[in-house]
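Since the model is a prediction, treat every value here as computed from it, not as a measurement.
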Amino acid sequence: MSVFSQSFSPCGRFLAAGNNYGEIALFSLSAALSPDATALSQKPVLTFTAHDGPVFSLLSNDSQLFSAGNGEISCWSWSELVKKDNSLVVGGGDNNIHILDLEHGVFKSVLQGHSDYIHCVSVREREAEILSGGEDGAVRMWDSRTGQSVHCVEIYKYESCARPQYGKWISCLTTDSDWMLCGGGPSLSLWHLRSLSPTSVFPLAGCQRQAAFYQDMILAVGEGPFVSHCLLGGEVKAQIPCTPQSLNTLQINANSTEHRVGLHSLTHLGYTIHTLPTGLGNMHYLQV
């Protein structure tokens, strides 16, 4: 087999390669180039026949992949090639991440790597990545197409973030573009995902249970009767008082201009919205 052509995806996360058999193979760069890459993670995440003869040329623009064969040019939608599937990401007490196919109602894959139970997950749809944080103090980054762990960052080993008196567990994790926000035992911190380095550490007392990006700020809740409003540079701008002495959940209501933030203490939660009989132990976090 000979490779005649190649082109990168608009997001820069995938490489398309065309061969002399008329096939186009799609590779995940984060999985293939990871220091922990295996033979499996270096295989194509998608292969399809584009032409009867060789694929002589490939070219990408912001949304399409063009391929040239014998006397014909074909156009393929990048959004279809790297489309998000209809899945629910479940992290829980068995130390694993389970991917539930919502269309068929079955678990289709398991991501293994954490050594203790998982507190939080976040999905980066454009990059086809899943991030998870657990009791073991690790934040793992997974290629959602191959199921391979491509990076592992142990937050508590960074001196600027470490707080041994609170432990190493990661209780909150969220992402926005190339940025990650995480904390728990370690201080709440902002990380640049391309360099995998912390850029800001927030001087908040106690363990933060949940945090979120909101406009040009960060909102966080945890130990203490308030919602912390922080600037991206690390400064605590304000702490809005609340009745409960500690807060465990925080949610931004993007569908309303009036009622923007929802929060609750664990002691006030006395209801169940939906239960799945998974047999997987305690489910600590869900993400679509």
key: Salt-bridge criterion met for Arg124 and Asp178 (N-O under 4.0 Å)   = yes

key: Closest contact, heavy atoms only, Ile99 versus Ser87   = CG2-CB, 3.7 Å

ask   = Side chains of Ile170 and Ile155: closer than 4.5 Å at any heavy-atom pair?
value = yes

ask   = Cluster partners of Leu204, using ILVMFWY side-chain heavy atoms under 4.5 angstrom, listed by chain and number?
value = Trp179, Leu181, Leu188, Leu190, Phe202, Phe213, Ile218, Leu232, Val236

task = Quick one: list whatever passes side-chain contact (heavy atoms from CB on, under 4.5 Å) with Gln165, sequence neighbours left out.
result = Arg163

Could you go through residues 45-54 and list every donor-acceptor pair under 3.5 Å that involves a side-chain atom there, pairing it with any protein atom two or more places apart or in another chain?
residue: His51; atom: ND1; partner: Glu72; partner atom: OE2; Å: 2.6
residue: His51; atom: NE2; partner: Ser67; partner atom: OG; Å: 2.8

Flag, side chain of Asp143 to backbone of Gly147, donor-acceptor distance under 3.5 Å = no

ask   = Which value, rounded to the nearest 0.5 Å, describes the distance between Ser7 atom OG and Phe66 atom CZ?
value = 10.0 Å

task = Could you work out the complete set of other residues in the hydrophobic cluster of Val201, with links drawn between I, L, V, M, F, W and Y side chains under 4.5 Å apart?
result = none

query = Going by side-chain heavy atoms closer than 4.5 Å, which hydrophobic residues are tied to Phe56, directly or by a chain of links?
reply = Phe4

remark   = To the nearest 0.5 Å, atom CH2 of Trp142 lies from atom NE2 of His151 at 13.0 Å

request  = Return yes when atom CD1 of Ile73 has more than 12 non-hydrogen atoms of other residues, nucleotides or ligands closer than 6.0 Å, and no otherwise.
outcome  = no

task = Report yes if some heavy atom in the side chain of Ile130 is under 4.5 Å from a heavy atom in the side chain of Ser122; otherwise report no.
result = no

ring-ring contact (aromatic ring centres under 6.0 Å, His included) contacts in which one or both residues fall within residues 153-175, not counting sequence neighbours = His119-Trp169, Tyr158-Trp191

ask   = CD/Glu235 to NE2/His229 distance, rounded to the nearest 0.5 angstrom?
value = 13.5 Å

query = Atom CD1 of Ile24 and atom CG of Leu81: how far apart are they, to the nearest 0.5 Å?
reply = 8.0 Å

